[in-house]
Amino acid sequence: TMALLVLENFIGGKFVPCSSYIDSYNPSTGDVYCRVPDSGKEEVEAAVKAAKDAFPIWSSKSPLERSQILNKLADLIEHDLEEFAQAESKDQGKTITFARMVDIPRAVYNFRFFASSILHHTTECTEMATMGCVHYTSRTPVGVAGLISPWNLPLYLLTWKIAPAIACGNTVVAKPSEMTSVTAWMMCKLLEKAGVPHGVVNVVFGTGAKAGEALVCHPDVPLISFTGSTLTAQRITEKSAPHCKRLSLELGGKNPAIIFDDADLTQCIPTTLRSSFANQGEICLCTSRIFVQRGIYSEFLKRFVAEAKKWKVGNPLDPTVDVGALISKEHLEKVRSYVKKAQAEGARVLCGEGVDSLTLPTGNQKGYFMLPTVIAEVKDESCCMQEEIFGPVTCVVAFDTEEEVIERANSVKYGLAATVWSSNVGRVHRVAQRLQSGLVWTNCWLVRDLNLPFGGMKASGIGREGAKDSYEFFTEVKTITIKH
Ligand code: NAD
């Protein structure tokens, strides 16, 4: 047996061991391969102190100085891209292809993007000539930012927070998911070489209940940027309320795809397969309710299912594999239980779980794998159409009119991302305007411009992230009036 990988917290520029550890599993084998610090109050306290101590110097650097450091860090991660991609795949279960093409390149880009965008903000100024006054706004970093991220896109989502936070001059204490901590730890090893001063980025590993809550409750952490589930966000909101903290909450989704009978199916089918099953369906933006107009319903379903069956499930490190392992045994069981509930309610499972057999390579027999699963004839009230499943399961249902489908698409508690497929420009605009969704993609999916706001409506979140939005979140604004 190989020696276990043992992670350490990164506090004040130093790796420090912890008194207790949590086991971390390789989802594609089911083996424990890593031990993650089980940090609590004490470790969080030390990290917040280090971040506070580093704040005066870091916040007084010019945006250009910070920008150069962020660019250097981006270069260093990019230099080790393959190593990071292998680690992310092993830790999370995602395919090596996805980690190579999406996760790590995006982590690199997050630093480059904010290194650039921080140089281009301007403040507001108004004149009040009759009063002899000018007013202007000034923005300053807030202080120590608490950053909490989930397991589905580990380094990608964590750096989407670290980059804007430090670009704006804050110092941070980050708490990655206890299930996927390895790439954050690897990044810590590059910080000094990039020129990030000690204490600017601190990473405390551990569970949400212990380490996460200690950070949320710490009086010297005035802002929390959180990505994760809606349930956890409610808890964070309650726990931070006594301190009146500024919160950014990026939460779950139950994202609809609306496919009209004039859609270009040669584009729509492959893209909707990706939007349903990419990263094992473990992306907050994944489609899980597919509404297809009656006239093309049978044709769509036939072609969609035939293509879904071609997705290869297996060893994530095999570059020909399309679907890797789910994050944990518990999560796999939860996802499977939704398929069983749908069947019990009379829905039809057209392919995947419980219908087709899954053959796995010898080394992966104990991994948490599941076939892409398509369910039809599900009622809108079913939990499969209302709750976030967060796995490779998608429901396909028919609709008749535009009016009807808008109402049905909006009839869930979430409002994160929607897709609309139609070649009628007028219809695309009308529908996009009326969907309760922070993002609407028409005739495409997951095409992002980081400049523009990202985030959810309703139970999918509060606040937005993006060039301007993250800048505003991570800075305090002041209005100053000068009378001459
Ligand atoms: P989760 O809410 O269980 O955990 C997210 C993070 O919060 C983890 O680091 C966890 O340790 C921590 N945490 C848990 N309890 C906590 C507490 N009481 N106090 C402080 N921190 C706590 O979510 P998950 O299962 O890791 O991630 C999946 C969820 O994330 C899905 O709902 C998905 O839709 C959502 N997500 C949203 C976005 C988005 O941008 N909107 C992106 C990715 C994932």
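What you are looking at is a predicted structure, and each value in this text was computed from that prediction instead of being measured. Ligands are counted one by one from 1 in listed order, and the atoms in each one are counted from 1 as well.
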Exercise. Just distances here: any N/O of Glu213 and N/O of ligand 1 closer than 3.5 Å?
Worked result: yes
For this session: Considering only non-hydrogen protein atoms, determine which one is nearest to atom 25 (O) of ligand 1 and report residue, atom name and distance to 0.1 Å.
Result: Trp151 NE1, 2.8 Å
For this session: Kindly write out the residues that satisfy side chain to side chain contact (heavy atoms under 4.5 Å, CB included) with Pro270, not counting sequence neighbours, or none if the list is empty.
Result: none
Problem set entry | Protein heavy atom at shortest distance from atom 3 (O) of ligand 1 | Thr232 OG1, 3.8 Å
Exercise. With atoms numbered from 1 as shown, which atoms in ligand 1 lie under 4.0 angstrom from a non-hydrogen atom of Phe226?
Worked result: 2 (O), 5 (C), 6 (C), 7 (O)
Problem set entry | Gly252: numbered ligand 1 atoms lying under 4.0 Å from its heavy atoms | 32 (O), 34 (O)
Exercise. Hey, is ligand 1 close enough to Gly208 that some N/O pair sits below 3.5 Å?
Worked result: yes
Exercise. Does an N or O anywhere in Thr207 fall below 3.5 Å from an N or O of ligand 1?
Worked result: no
For this session: Report yes if some heavy atom in the side chain of Asn170 is under 4.5 Å from a heavy atom in the side chain of Ile166; otherwise report no.
Result: no
Problem set entry | Side-chain donor-acceptor pair present, Ser275, Thr272, cut-off under 3.5 Å | no
For this session: Would you kindly specify which portion of Thr227 sits under 4.0 Å from ligand 1, judged on non-hydrogen atoms: side chain, backbone, both or neither?
Result: both
Seminar exercise, completed: The closest protein heavy-atom partner of atom 23 (O) of ligand 1 is Ser229 N, 3.4 Å
Exercise. Would Lys239 and Arg235 count as a side chain to side chain contact (heavy atoms under 4.5 Å, CB included) if you check the C-alpha gap in whole Å, the side-chain angles of each, and the deciding distance to 0.1 Å?
Worked result: CA-CA 6 Å; Lys239 288 281 162 183; Arg235 174 111 186 139; 3.4 Å; yes
For this session: Give yes if a backbone or side-chain nitrogen or oxygen of Ser149 is under 3.5 Å from a nitrogen or oxygen of ligand 1, and no if not.
Result: yes
Exercise. Between His198 and Trp58, is a ring pair (Phe, Tyr, Trp, His ring centres under 6.0 Å) present by the stated rule, with each step listed?
Worked result: CA-CA 10 Å; His198 292 178; Trp58 183 246; over 10 Å; no
Exercise. Just which atoms of ligand 1 are under 4.0 Å from any heavy atom in Glu178?
Worked result: 10 (C), 11 (O)
Exercise. Can a donor-acceptor pair be found between the side chains of Tyr33 and Asp23 at a distance below 3.5 Å?
Worked result: no
Exercise. Is there a nitrogen or oxygen of Glu388 sitting under 3.5 Å from a nitrogen or oxygen of ligand 1?
Worked result: yes
Problem set entry | Nearest-contact summary for atom 36 (N) of ligand 1 - protein heavy atom, Å | Cys284 CB, 3.6 Å
For this session: State the atoms of ligand 1, each with its element, that fall below the 4.0 Å cut-off from a heavy-atom position in Leu157.
Result: 42 (C), 43 (C)
For this session: Starting from atom 41 (N) of ligand 1, find the nearest protein heavy-atom neighbour and note its residue, name and distance.
Result: Leu251 O, 2.8 Å
Exercise. So, is Leu416 polar-close to ligand 1, with some N/O to N/O distance under 3.5 Å?
Worked result: no
Problem set entry | Between Glu345 and Ser382, a side-chain donor and acceptor under 3.5 Å | yes
Problem set entry | Ligand-residue contact atoms, ligand 1 with Lys175, heavy atoms, under 4.0 Å | 8 (C), 9 (O), 10 (C), 11 (O)
Seminar exercise, completed: Note: Asn152, heavy atoms under 4.0 Å from ligand 1, region reported as side chain
Exercise. With a 4.0 Å cut-off, would you call Asp318 and Lys312 a salt bridge?
Worked result: yes
Seminar exercise, completed: One finds that the ligand 1 atoms under 4.0 Å from a non-hydrogen atom of Arg235 are 18 (N)
Exercise. Do Ser437 and Leu416 touch side chain to side chain, with heavy atoms closer than 4.5 Å?
Worked result: no
Exercise. With a 3.5 Å cut-off and no angle check, do the side chains of Glu465 and Trp160 form a donor-acceptor pair?
Worked result: yes
Exercise. Parallel under 30°, tilted from 30 to 60°, perpendicular over 60°: which one fits the rings of Tyr109 and Phe113?
Worked result: tilted
For this session: Heavy-atom contacts with Pro176 under 4.0 Å: which atoms of ligand 1 show up? List them by number with element.
Result: 9 (O)
Exercise. So between Phe205, Phe390, Phe454, Trp160, whose heavy atom ends up nearest atom 33 (C) of ligand 1?
Worked result: Phe390
For this session: Would you please test Glu476 and Arg246 for salt bridge (Lys or Arg N to Asp or Glu O under 4.0 Å) and show each step?
Result: CA-CA 11 Å; Glu476 244 347 319; Arg246 186 185 299 193; 3.0 Å; yes
Exercise. Are side-chain N/O atoms of Thr227 and Lys161 paired as donor and acceptor at under 3.5 Å?
Worked result: yes
